[in-house]
Amino acid sequence: MSIKENVPSTAMVGLGLRREMLTEFCQLTPPQIEFFEVAPENWMTLGGKYGRQFKQLTEQHPFFCHGLSLSIGSPAPLDTHFVQNIKRFLDSHQIKVYSEHLSYCSGEGHMYDLMPIPFTDEAVIHTAKRIKQVEDILERPFILENVSFYAAPGAQMTEEAFVNAVLAEADCKLLLDVNNIYVNSINHQYDAQQFLASMPTERIAYLHIAGHYQEDIDLMVDTHGADIIDPVWTLLQSCYEIHGVHPTLLERDFNIPPTEILLAEINQIHTYQQQAKDALKVRKA
């Protein structure tokens with residue numbers, strides 16, 4: 001199954017859809033918002049007015065799904081019943097794109113947080129096997145997101161090496177989160193540009209960008225609750241220059257401003273995508 005069947009390669013800009021946005025966007029979705037992304041866990045059981053509004057939007061616009069609780073790196077057995085429910089949801093709304101975090105959130109119980117997988121060879125093989133199992137059930141390619149993390153227990157390799165190893169072993173695609181690279185580069189003191197350049201271009205399906213909270217000079221917390229800062233914008237521009245233009249999703253999970261404020265950041269992404277495309281044309285001329 002080719003990822004080209006699932007994720008458009010053209011320049012697109014999307015927004016994470018929140019429940020409080022439904023009524024507004026059912027009445028009018030700004031044309032600058034070219035796709036939406038949702039966490040299936042938050043929408044699978046939705047009925048009534050919200051369910052009808054959601055169905056209206058999925059019939060009118062492209063949708064991506066980005067999961068929260070699959071727990072792909074967990075030592076516990078894969079919850080195949082949960083994966084089957086996700087498949088039914090994706091099928092019912094004809095959503096072809098499904099991504100999840102390179103993390104885990106369950107063991108002997110559910111921890112309701114994204115925990116870092118130990119950066120080991122054993123974890124690479126374990127995670128890759130589970131990814132293939134999920135792909136078999138979903139009948140869709142699995143897209144894996146690089147995550148923010150605050151400790152690396154049991155690490156035997158770098159984050160960069162671990163991400164690349166899992167992608168290669170599972171032969172899956174990458175959801176490249178630009179803000180997570182920046183956050184981790186501050187918290188773990190590595191070169192964000194070097195990490196970005198080390199990601200495999202051919203595996204990138206789409207991008208995330210978001211704001212975060214600065215707890216201290218050397219501690220950033222990935223919150224998706226603030227405006228994007230200049231160093232992250234710069235990293236996004238570098239991403240387009242290095243890896244080409246990919247669909248890019250603005251995440252904003254709380255402290256959500258009015259749509260016109262969100263559109264300022266969405267329009268900025270459009271601008272950077274166009275600049276990158278124009279620069280490529282000049283280089284080819």
Side-chain angles (χ1 to χ4, degrees), residues 1-8 14-19 21-22 35-48 50-107 109-115 117 126-147 166-167 169-177 203-208 224 247 249 251 253:
M1 184 184 299
S2 171
I3 192 68
K4 293 180 181 178
E5 300 170 7
N6 293 276
V7 180
L15 178 67
L17 182 67
R18 312 299 294 181
R19 199 170 298 184
M21 301 173 179
L22 282 171
F35 70 96
F36 290 108
E37 182 188 76
V38 293
E41 294 89 338
N42 294 335
W43 301 85
M44 288 193 298
T45 60
L46 208 60
Y50 288 147
R52 291 191 298 272
Q53 289 177 321
F54 182 71
K55 184 66 173 177
Q56 176 185 330
L57 287 178
T58 62
E59 290 174 347
Q60 295 174 343
H61 305 281
F63 267 72
F64 294 4
C65 271
H66 182 51
L68 297 172
S69 54
L70 179 63
S71 198
I72 196 64
S74 172
L78 182 71
D79 187 345
T80 56
H81 177 70
F82 173 70
V83 181
Q84 289 163 354
N85 285 339
I86 290 178
K87 176 174 168 51
R88 282 191 285 272
F89 175 76
L90 296 175
D91 288 347
S92 67
H93 293 284
Q94 299 184 2
I95 298 172
K96 297 180 179 180
V97 177
Y98 175 75
S99 62
E100 248 286 2
H101 302 81
L102 182 55
S103 63
Y104 74 100
C105 55
S106 63
H110 201 293
M111 290 171 282
Y112 300 101
D113 206 351
L114 299 175
M115 306 296 291
I117 304 170
H126 173 73
T127 303
K129 286 181 179 178
R130 289 163 67 88
I131 288 171
K132 292 173 182 177
Q133 189 178 357
V134 172
E135 286 185 324
D136 288 343
I137 297 172
L138 293 184
E139 298 181 314
R140 289 164 173 80
F142 191 101
I143 305 172
L144 197 63
E145 182 189 30
N146 60 297
V147 298
V166 174
L167 293 172
E169 182 71 21
D171 191 22
C172 68
K173 290 292 179 177
L174 171 66
L175 163 52
L176 186 58
D177 191 305
R203 294 194 182 276
I204 298 173
Y206 69 110
L207 311 176
H208 273 178
H224 306 167
L249 189 285
E251 294 184 289
D253 292 346

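Because only heavy atoms are used, hydrogens play no part in the values below, and waters and symmetry mates are left out as well, while side chains stay in. No experiment lies behind these values; they were computed from the predicted model shown.
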Worksheet item: How far apart are the C-alpha atoms of Val97 and Cys65, what are their side-chain angles, what is the distance that settles it, and do they pass the side chain to side chain contact (heavy atoms under 4.5 Å, CB included) test?
Response: CA-CA 6 Å; Val97 177; Cys65 271; over 6 Å; no
Discussion item. Regarding Asp91 and Arg140, does a basic nitrogen lie under 4.0 Å from an acidic carboxylate oxygen?
Written reply: yes
Quick one: are [X] and [Y] in side-chain contact, heavy atoms under 4.5 Å?
X: Ile143; Y: Phe64; result: no
X: Glu135; Y: Pro141; result: yes
X: Arg19; Y: Leu46; result: yes
X: Ile137; Y: Gln84; result: yes
X: Leu249; Y: His66; result: no
X: Glu100; Y: Ile72; result: no
X: His93; Y: Phe54; result: yes

Can you tell me how far apart [atom1] ([X]) and [atom2] ([Y]) are? Round to the nearest 0.5 Å.
X: Met21; Y: Phe36; atom1: CE; atom2: CZ; value: 8.0 Å
X: Phe35; Y: Phe63; atom1: CZ; atom2: CZ; value: 11.0 Å
X: Leu102; Y: Ile131; atom1: CG; atom2: CD1; value: 7.0 Å
X: Thr58; Y: Gln53; atom1: OG1; atom2: CD; value: 12.0 Å
X: Leu70; Y: Phe142; atom1: CG; atom2: CZ; value: 5.5 Å
X: Ile117; Y: Thr127; atom1: CD1; atom2: OG1; value: 4.0 Å

Worksheet item: Is the number of heavy atoms from other residues, nucleotides or ligands within 6.0 Å of NZ (Lys55) greater than 12?
Response: yes
Discussion item. Using only atom types and a distance under 3.5 Å, with no angle test, would you say the side chain of Glu41 pairs donor to acceptor with the backbone of Leu68?
Written reply: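 Yes; at least one donor-acceptor contact below 3.5 Å.
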[X] versus [Y], closest heavy-atom pair with distance:
X: Lys173; Y: Ala205; result: CB-CB, 4.1 Å
X: Ala76; Y: Arg130; result: O-NH1, 2.7 Å
X: Ser99; Y: Tyr206; result: OG-OH, 2.9 Å
X: Leu78; Y: Gln133; result: CD2-CD, 3.5 Å
X: His208; Y: Asp177; result: CB-OD2, 3.3 Å

Fill in: All side-chain contact (heavy atoms from CB on, under 4.5 Å) counterparts of Ser92, not counting sequence neighbours
none
